[in-house]
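Here's the structure, in structure tokens; my notes come after.
As the structure is a computational prediction, the values presented were derived from the model and not from experiment. Convention: sequence-line order gives letters A, B, ...; per-chain numbering from 1.
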Number of protein chains: 2
Amino acid sequence: MKLEVLTKSENKEVQKEIISKIRDLIDFKNLEPGDKLPSERMLSEKFGVSRSSLREAIQRLEFYGLLKSRPQSGTFIADIGPIAMKGMLKDILELESPDFKSLVETRILLELKTCRLAALRRTEEDLEHMKEALDAFSAKVNNGEDAVQEDLLFHLSIAKASGNSSMNTFMLIITPEIITNFEKYHVCNVNRAALGIQEHNDIYEAIKNQDPTLAKEKMKVHFKMLYEYCYNIE
Amino acid sequence: MKLEVLTKSENKEVQKEIISKIRDLIDFKNLEPGDKLPSERMLSEKFGVSRSSLREAIQRLEFYGLLKSRPQSGTFIADIGPIAMKGMLKDILELESPDFKSLVETRILLELKTCRLAALRRTEEDLEHMKEALDAFSAKVNNGEDAVQEDLLFHLSIAKASGNSSMNTFMLIITPEIITNFEKYHVCNVNRAALGIQEHNDIYEAIKNQDPTLAKEKMKVHFKMLYEYCYNIE
DNA sequence: CAGACCAATCTGGTTAACCAATTTTGTTAA
DNA sequence: TTAACAAAATTGGTTAACCAGATTGGTCTG
């Protein structure tokens, strides 16, 4: 019975251990898709961890789509097959938290696509949202203030207009870390911000005119500096 | 005090309501980055929800990088600025679960990039893992069996070899849903599987020979059918 | 012997009590 | 007045008890 308070990182290690034990259990008991896992009480006792910790681990695996728990019934193995299950569990356990370079690289990839899709699919409502974000950005910059947040929100409005909820979700996931890293490394300087208004406007106009190729091109221009920065980090 | 048992979807609605209330609180109290949120007990009482539900909502916002809770100290607002905070909360609340088309579209985008990066960065260890996955896939197909899982695991091994943990994570997130949808819609048929071995081999060789352009080209060939399928769903 | 039905049990979800570290606050001494 | 120290209140995390629906095993009836 653990009594010391665990730090956040230690807690994550415990979670990984639990996931690892769940993997061993699935492996050892040869549990197949649709099979029911032992109850939470039984597992928490068997693993020697608290039920809350176990529940958190299960929730994480549920997030990755590997488990599915149903109220008053049990926790079940997802219908993805035992081989995929085993492989994915291994990958999840080995997963490391993303570095800044990965984040920027992924952001550029996503945005070159979302702005293209946005040009193809944007609704009038999407356009309005984008315009609002664009104006907020311009106002801040013209006032000489820092506008990293407004910048990112404009880009998020494009992601939303892309009509692809996966990419939209992924943009939402990486944006906060991008912001904190930007502010840490001072990636955005004020001189570029003024230029940024024009670039944002170009992107907006391209999407408004439903020109996907131009939109992507303008986004590429907008990312030029960031792109070079990203590939010179290491 | 709610006593009925909530279904999973109802539960998610409750979570959204809580997040919405947290947003209102931040808005109303003008909480800024680094500020401390009221304690969990106080909030759960104020919102009229259980502390567990509140904690789940907080964990979700922590996942998106908007909050940061520290043991024995409190839950704090992330250092991303009030405007970004408000905008992102709005987007998260409006987020819808991804459809199959979004998943496939995102997968293709990610994989064309990861296989290119893998060709540039793969280690010898990465190559070994890819070879193992490749052989497992070939064995199953040559045996006339269904090999959707092995197929996906090969692609995941490429994502891992890309050295970009964000993209690796995102691939892990979308893969289970892809698998279940594949099996539901019978996207993969056996005839193509035999062809798939050759295509997988081509991709593997290109990555092994560190030829990013060829790797991407071969991946594009591999996705040709899926690509057409994806854009003919609606 | 098969099918319907009911109660005991088991389940995940929820609520309340508990823990130790931290933070705040009040007091005292320099 | 201020700095230092200690006690009390506050905090997120943990554990244990509780709830109502789902499951199951056995029993009874046709």
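Atom CD of A:Q59 and atom P of D:dG13 are 13 Å apart (whole Å). One interatomic measurement links the two molecules: CD of A:E56 to P of C:dG12, which rounds to 16 Å at whole-angstrom precision. The interatomic distance linking B:R55 (CZ) with D:dG12 (C1') rounds to 6 Å, in whole Å. Protein atom CG of B:L43 is 13 Å distant from nucleotide atom P of D:dG13, rounded to whole Å. In this structure, the CG atom of B:L54 is 15 Å from the C1' atom of C:dA16, given to the nearest Å. Following rounding to the nearest Å, A:R51 (CZ) and D:dT14 (C1') show an atom-to-atom distance of 13 Å.
Residues that satisfy the ring-ring contact (aromatic ring centres under 6.0 Å, His included) test with B:F76, not counting sequence neighbours, are absent from this structure. With sequence neighbours left out, the ring-ring contact (aromatic ring centres under 6.0 Å, His included) criterion links B:H129 to no other residue.
With respect to the salt-bridge test (charged N to carboxylate O, under 4.0 angstrom), the residues B:K86 and A:E150 do not qualify.
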So which protein N/O to nucleotides 9-11 of chain D N/O distances come out below 3.5 Å?
{"from": "D:dT11", "atom 1": "OP2", "to": "B:S39", "atom 2": "OG", "distance (Å)": "3.3"}

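Residues B:Q149 and B:K140 have side chains not in contact (no heavy-atom distance under 4.5 Å, counting atoms from C-beta outward).
Surrounding NZ of B:K21 are more than 12 heavy atoms belonging to other residues, nucleotides or ligands, all under 6.0 Å away.
Two rings, from B:F137 and B:F154, have their centers 6.0 Å or more apart.
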